[in-house]
Structure formats: structure tokens, C-alpha cells
Amino acid sequence: MSRYRWWLALIFAMYGATAWADGQTFRIPTRPGVETSVYWEAQEGAKATVFLFTGGNGGYGKVVDGKPTSHNFLARSVALFLADGFNVAIFGLPSDTPALDYSDRVNPKHLADVRAALEFVRSKSPAPVWLVGTSRGTVSAAYVAIASVDDPGIAGLVLTSSVTAFKKEGAVPTQNLAALKLPVLVVHHASDACVICRPHEVDWIMKGLKNAPLKKLLMITGGGEPTGDPCEAYHHHGYIGQEQEVVDRMSSWMHNPAN
């Protein structure tokens with residue numbers, strides 16, 4: 001065991017004295033002087049864990065009655081992932097920043113925080129982990145997956161409503177996708193009107209996944225009546241009215257990945 005992992009194991013073993021929990025929310029030490037919030041909910045008999053990266057500024061809002069209050073597609077779909085047989089973890093925010101911008105998500109500090117959060121999740125369950133991001137969270141998910149190619153505990157990567165605009169730092173097509181040698185599912189809505197997540201640019205992601213042993217694109221159509229900002233949670237960008245369908249299709253693929 002590396003010195004880093006030994007230190008984390010010691011910290012987790014001392015949790016009763018060194019961390020606080022509010023329902024399913026935990027604050028864990030991730031870097032010297034920095035704590036990061038993690039939402040955790042276990043599902044009995046789960047064979048895998050989804051580790052979720054939300055979009056926007058990150059985080060998952062407050063936790064009320066054991067559930068996150070964020071309107072983000074992934075955060076509001078916790079119950080759906082649980083029903084589909086997954087443990088659920090959501091990466092929150094580190095204590096040294098109020099928001100995760102694009103540059104923050106492709107930064108070694110971010111990677112350190114996520115790795116510590118993953119160690120915490122593995123202390124809760126040994127099940128393999130799927131990294132799942134939506135919108136700006138895809139920047140984080142892709143970055144962490146690329147940096148974790150030697151981690152056997154990472155089962156695969158799921159990208160939903162990916163940031164595709166090359167002008168954005170860390171946009172998924174600009175990352176070293178050829179380094180990924182694990183299953184990758186790309187989910188996008190055909191009517192996504194967010195200017196930095198244009199559907200026709202998703203092809204750049206698929207072309208970049210040159211060495212993924214399994215890869216699939218799910219282009220979603222239909223849904224409810226979109227409202228608000230086209231880059232926000234209640235537009236096609238957030239699969240409004242299709243949460244159940246989209247999560248079920250994602251879950252089905254994660255349980256049995258195929259091209």
C-alpha cells in the first residue's frame with residue numbers, strides 16, 4: 001500500500017472523530033487543509049457504483065431528507081440510479097473554492113480531490129466504479145478517467161451532454177481521449193441547444209476514442225417541454241421529461257457494455 005493510500009485509510013478509520021456527516025453527505029480530507037464534500041447512498045446488492053460529476057459550478061446543493069436538492073440532471077436522478085442497482089456517489093466541492101470552473105476541472109488539485117473521494121467511496125463499497133459526468137461535469141469525468149488508466153477499479157466512463165466547444169478549456173474533444181482503454185458511453189440529446197454542447201460536434205468525441213475497447217453513442221430524441229436557459233437543467237440539455245428513460249438506458253449499458 002502506498003503512503004498516500006495508507007494515510008487515507010487511517011483518516012477514514014478515524015471518521016468518528018475527524019469528519020461530520022449530514023444524512024448521506026460527508027466531508028473528507030482530500031489535500032492538506034482541504035476537505036471535499038461527497039454524497040453517498042448505498043443500494044443493497046449493488047454490483048457497481050456510479051460516481052457522478054454534476055455540471056455548472058459543481059456540487060449537489062443541500063441534502064434534505066437524505067437526498068440532494070440540486071436540479072442538475074444527475075443529482076435529481078439519484079433514486080433512478082439506485083432503482084437500477086447502483087450505489088450512488090456525487091462529487092461535491094472542495095473547501096478552498098465555491099465553484100468548479102473549467103480550468104479547475106483539469107487541474108492536478110482536482111485530480112487529488114477526486115482520487116481521495118474515490119478512496120472514500122471504496123471504503124464504503126468494493127464495487128467497481130463508473131465515472132459519470134454531465135455538461136461541465138464531463139470535463140471532470142474525462143480528465144479523471146484519462147489520469148486513471150491504470151486503476152482497475154474504474155469500470156468505465158459515461159459522458160452526458162458533453163462540453164464539445166473547443167474554445168472551452170478541458171472540452172471533451174480537446175482531451176487525450178486516445179489514452180482511454182475502458183468502455184465509454186456517450187449520451188447526448190439531438191435537440192440540445194446549449195451553444196457549448198452542440199450535438200453535431202459529439203462526433204469529435206467518438207473519433208477521439210480510438211482505443212476504447214467498447215464505445216457507444218446514444219442520441220436521445222423527444223422529451224418534455226423545455227424551459228429556461230438551454231444550457232440548464234430543465235431544457236433538453238438536462239433531458240427534461242426523460243430522466244427515467246435516459247437513466248435506464250445508461251444503466252442497461254453499464255450493466256452490459258457493448259458497441
Side-chain angles (χ1 to χ4, degrees), residues 24 39 41 43 50-86 88-93 99-102 105 130-142 157-165 168 171-173 184-203 205-206 216-255:
Q24 298 294 328
Y39 175 87
E41 188 163 357
Q43 172 69 352
V50 287
F51 189 94
L52 310 179
F53 295 94
T54 60
N57 292 328
Y60 44 82
K62 295 180 180 179
V63 172
V64 178
D65 296 328
K67 299 296 180 185
T69 57
S70 168
H71 297 287
N72 180 268
F73 162 61
L74 292 180
R76 71 176 190 262
S77 298
V78 167
L80 300 177
F81 284 110
L82 291 167
D84 282 345
F86 293 94
V88 177
I90 310 178
F91 184 80
L93 290 168
L100 291 172
D101 205 347
Y102 292 93
R105 294 175 181 268
W130 283 87
L131 303 175
V132 183
T134 197
S135 194
R136 199 182 301 182
T138 61
V139 175
S140 293
L157 171 67
V158 179
L159 303 170
T160 74
S161 304
S162 298
V163 175
T164 58
K168 291 296 184 181
V172 177
V184 181
L185 176 65
V186 178
V187 182
H188 217 88
H189 200 290
S191 298
D192 192 330
C194 184
V195 295
I196 60 171
C197 305
R198 298 184 187 277
H200 71 272
E201 295 177 333
V202 174
D203 191 48
I205 299 175
M206 303 309 294
K216 187 174 182 65
L217 170 62
L218 291 179
M219 192 62 75
I220 307 298
T221 58
E225 185 66 28
T227 59
D229 189 319
C231 291
E232 293 295 337
Y234 291 111
H235 218 276
H236 290 307
H237 184 70
Y239 309 99
I240 184 65
Q242 293 177 288
E243 295 86 350
Q244 180 86 58
E245 173 195 349
V246 175
V247 171
D248 284 352
R249 293 180 69 179
M250 291 164 58
S251 298
S252 178
W253 193 87
M254 284 186 282
H255 284 309

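These values consider heavy atoms only, across backbone and side chains, with no hydrogens, waters or symmetry-generated copies.
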From Arg198 CZ over to His188 NE2, what is the distance, rounded to the nearest 0.5 angstrom? 10.5 Å

Between the side chain of Thr134 and the main-chain N/O of Phe53, is any donor-acceptor distance below 3.5 Å? no

Considering only heavy atoms from C-beta outward, does the side chain of Ile90 approach that of Glu41 to under 4.5 Å? no

Nearest heavy-atom pair of Ala165 and Ala171: which atoms, and what distance? O-CB, 3.1 Å

Any donor-acceptor pair under 3.5 Å linking the side chain of Thr160 with the backbone of Val187? no

Between His189 and Tyr239, how do the two ring planes meet: parallel, tilted or perpendicular, split at 30° and 60°? tilted

Please find the pair of heavy atoms, one from His236 and one from Gly224, that lie closest to each other, and give the distance. CE1-O, 3.7 Å

If only atom types and distance count, is the side chain of Thr54 paired as donor or acceptor with the main-chain N or O of Gly59 below 3.5 Å? yes

With rounding to the nearest 0.5 angstrom, report the CG to CZ distance, Asn57 to Arg136. 5.5 Å

Can you confirm whether the thiol sulfurs of Cys231 and Cys197 sit closer than 2.5 Å? no

Check: Tyr39 side chain, Gly66 main-chain N or O, donor-acceptor pair, under 3.5 Å: yes

Taking the side chain as every heavy atom from C-beta outward, state whether Phe86 and His255 have any pair of such atoms under 4.5 Å apart. yes

Gap separating the CD1 atom of Ile240 from the CZ atom of Arg76, nearest 0.5 angstrom: 5.0 Å

Might you point out which heavy atoms bring Ser70 and Gly61 nearest each other, and give the distance in Å? CB-N, 4.0 Å

Residue pair Val64 / Lys67, side-chain heavy-atom distance below 4.5 Å: no

Just so I know, are the side chains of Leu100 and Phe91 near enough to count as touching, which here means a heavy-atom distance under 4.5 Å? yes

Provide the closest heavy-atom pair for Leu80 versus Gln244 in the form atom of the first, atom of the second, distance. CD2-OE1, 3.4 Å

Answer yes or no: is there a donor N or O on one side and an acceptor on the other, between the side chain of Glu225 and the main chain of Gly241, under 3.5 Å? no

For the backbone of Glu243 and the side chain of Glu245, can you confirm whether one donor and one acceptor N or O come within less than 3.5 Å of each other? no

Going by distance alone, is a donor N or O of one side chain under 3.5 Å from an acceptor N or O of the other, for His237 and Asp192? yes

Within the 4.5 Å heavy-atom criterion, are Leu52 and Tyr60 side-chain neighbours or not? no

After noting the C-alpha distance and the side-chain angles of Thr164 and Ile205, does the key distance pass the side-chain contact (heavy atoms from CB on, under 4.5 Å) rule? CA-CA 8 Å; Thr164 58; Ile205 299 175; 4.2 Å; yes

Looking only at heavy atoms, what is the nearest atom pair of Ala141 and Gly133, with distance? CB-N, 3.9 Å

Side chain to side chain, Met254 and Val50, heavy atoms closer than 4.5 Å: yes

If I take atom CG from residue Leu131 and atom CG from residue Leu159, how far apart are they, to the nearest 0.5 angstrom? 9.5 Å

When you compare the side chain of Asp229 with that of His235, does any pair of heavy atoms fall below 4.5 Å? no

For Asp84 and Ser251, which I'm curious about, is there any donor-acceptor pair between the side chains at under 3.5 Å? yes

Close side-chain approach of Trp253 and Leu218, heavy atoms under 4.5 Å: no

Measuring from Lys168:NZ to Arg105:CZ, what's the distance to the nearest 0.5 Å? 12.5 Å

